[in-house]
Amino acid sequence: MKFYDYGMAPSPRKVRMVIVEKGLDIPTEMIDLAQGEQFSDAFRAVNPHCTVPALSLDEGQVLTESEAICRYLEEAHPEPPLFGRNALEKAQITERIRQLELDGYLAVAEALRNTAPYFKDRALPGTESYAQIPELGERGRQRTQAFFSKLNQQLENKQHEWIASDDFSMADILAYIIVDFAKRIKLSPAEDLNALHQWMASIDQRASAQA
Ligand SMILES: N[C@@H](CCC(=O)N[C@@H](CS)C(=O)NCC(=O)O)C(=O)O
């Protein structure tokens with residue numbers, strides 16, 4: 001098995017956090033996105049989408065979506081559970097993951113990729129060239145601010161120990177990564193979003209937060 005990673009990128013970070021939470025040891029190769037290594041012939045042969053993460057399995061298959069990789073690791077190593085213990089928890093965590101991707105991750109990605117010079121003509125990841133749309137960058141920033149407020153409100157009113165269940169789950173991992181990812185567009189939650197800051201601080205202490 002081999003995990004293809006890049007330290008600065010949020011999508012492979014999900015997998016890194018899962019690996020640490022589950023105490024796994026998976027051989028890892030860094031693909032330096034800053035140097036364009038995702039477009040090398042060698043990496044294209046692994047993942048034709050030219051994105052990280054990717055997980056190449058001993059049987060020859062390659063998984064190229066971060067969530068699919070995390071769910072594969074969950075099935076293969078169920079403890080501690082990160083995607084829920086029963087039907088309802090699994091559904092609730094999946095629901096939160098989907099909302100976090102749409103309202104949080106995409107907001108930050110939209111802001112970053114439509115404004116940073118590094119992403120000129122690469123406003124979407126992958127092999128196609130797409131021009132930046134500055135208005136989308138601005139909208140992404142607004143959506144990120146709205147995401148922080150909503151997340152804070154949800155944490156204030158949460159009915160579980162963590163975001164979506166009494167166990168620390170994939171929803172916490174994803175939300176944590178998104179809030180951190182927003183630093184790349186120079187946005188952080190306002191100081192008075194106390195529930196959000198407390199929840200972030202409790203994750204900061206986990207070993208996986210350093211991954
Ligand atoms: N669908 C993918 C998205 C992966 C993705 O967008 N990866 C980014 C890093 S976070 C990437 O590889 N970007 C390469 C590029 O922009 O050329 C997943 O979640 O696994």
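Nothing here was measured: the structure is a model prediction, and the numbers come from that model. Each ligand, and each atom within it, is numbered from 1 in the order the structure gives. Note: hydrogens, waters and symmetry copies are ignored here, and every other heavy atom, side chains too, is used.
- The atoms of ligand 1 that sit less than 4.0 Å from any heavy atom of T64 are 20 (O).
- The main-chain N or O of S129 is never found under 3.5 Å from a side-chain atom of D121 such that the two would form a donor-acceptor pair.
- Ligand 1 lies less than 4.0 angstrom from a heavy atom belonging to R113.
- Residue R44 qualifies as enclosed at atom CZ: its count of foreign heavy atoms under 6.0 Å is above 12.
- Taking every heavy atom of R122 and a limit of under 4.0 angstrom, the matching atoms of ligand 1 come to 15 (C), 16 (O), 17 (O).
- The aromatic rings of Y105 and F181 sit parallel to each other, their planes meeting at less than 30°, with 60° as the upper class boundary.
- With hydrogens left out, the protein atom closest to atom 6 (O) of ligand 1 is P125 CG, 3.4 Å, a heavy atom.
- The contact set between ligand 1 and P53, taken as ligand atoms under 4.0 Å from a residue heavy atom, comprises 20 (O).
- Shown here is Q159, whose CD atom has no more than 12 heavy atoms of other residues, nucleotides or ligands within 6.0 Å.
- Put simply, no part of I31 is less than 4.0 Å from ligand 1, judged by heavy atoms.
- R139 and Q142 form no side-chain donor-acceptor contact under 3.5 Å, judged by distance and modelled atom types alone.
- With hydrogens and angles ignored, the 3.5 Å screen pairs no side-chain donor or acceptor of D103 with any backbone N or O of F147.
- Looking only at heavy atoms of the protein, atom 2 (C) of ligand 1 is closest to E65 OE1, 3.5 Å.
- Listed by number with element, the atoms of ligand 1 under 4.0 Å from a non-hydrogen atom of S66 are 18 (C), 19 (O), 20 (O).
- A donor-acceptor pair under 3.5 Å is absent between the side-chain atoms of H197 and the main chain of D192, judged by distance alone.
- For ligand 1, the atoms closer than 4.0 angstrom to any heavy atom of F39 are 17 (O).
- The closest protein non-hydrogen atom to atom 14 (C) of ligand 1 is Q38 NE2, 3.7 Å.
- Each of E67, E74, E75 was compared with R71 under the salt bridge (charged side-chain N to carboxylate O under 4.0 Å, His left out) criterion, and only E67 meets it.
- Distances between N or O atoms of E67 and those of ligand 1 include no value under 3.5 Å.
- Distance from atom 10 (S) of ligand 1 to its nearest protein heavy atom, with residue and atom name: S11 OG, 3.3 Å.
- Set against the non-hydrogen atoms of A9, the atoms of ligand 1 under 4.0 Å away are 9 (C), 10 (S).
- Of the polar atoms of V52, at least one N or O is found under 3.5 Å from an N or O of ligand 1, judged by distance alone.
- In the vicinity of P10, heavy-atom distances shorter than 4.0 Å reach the ligand 1 atoms 10 (S).
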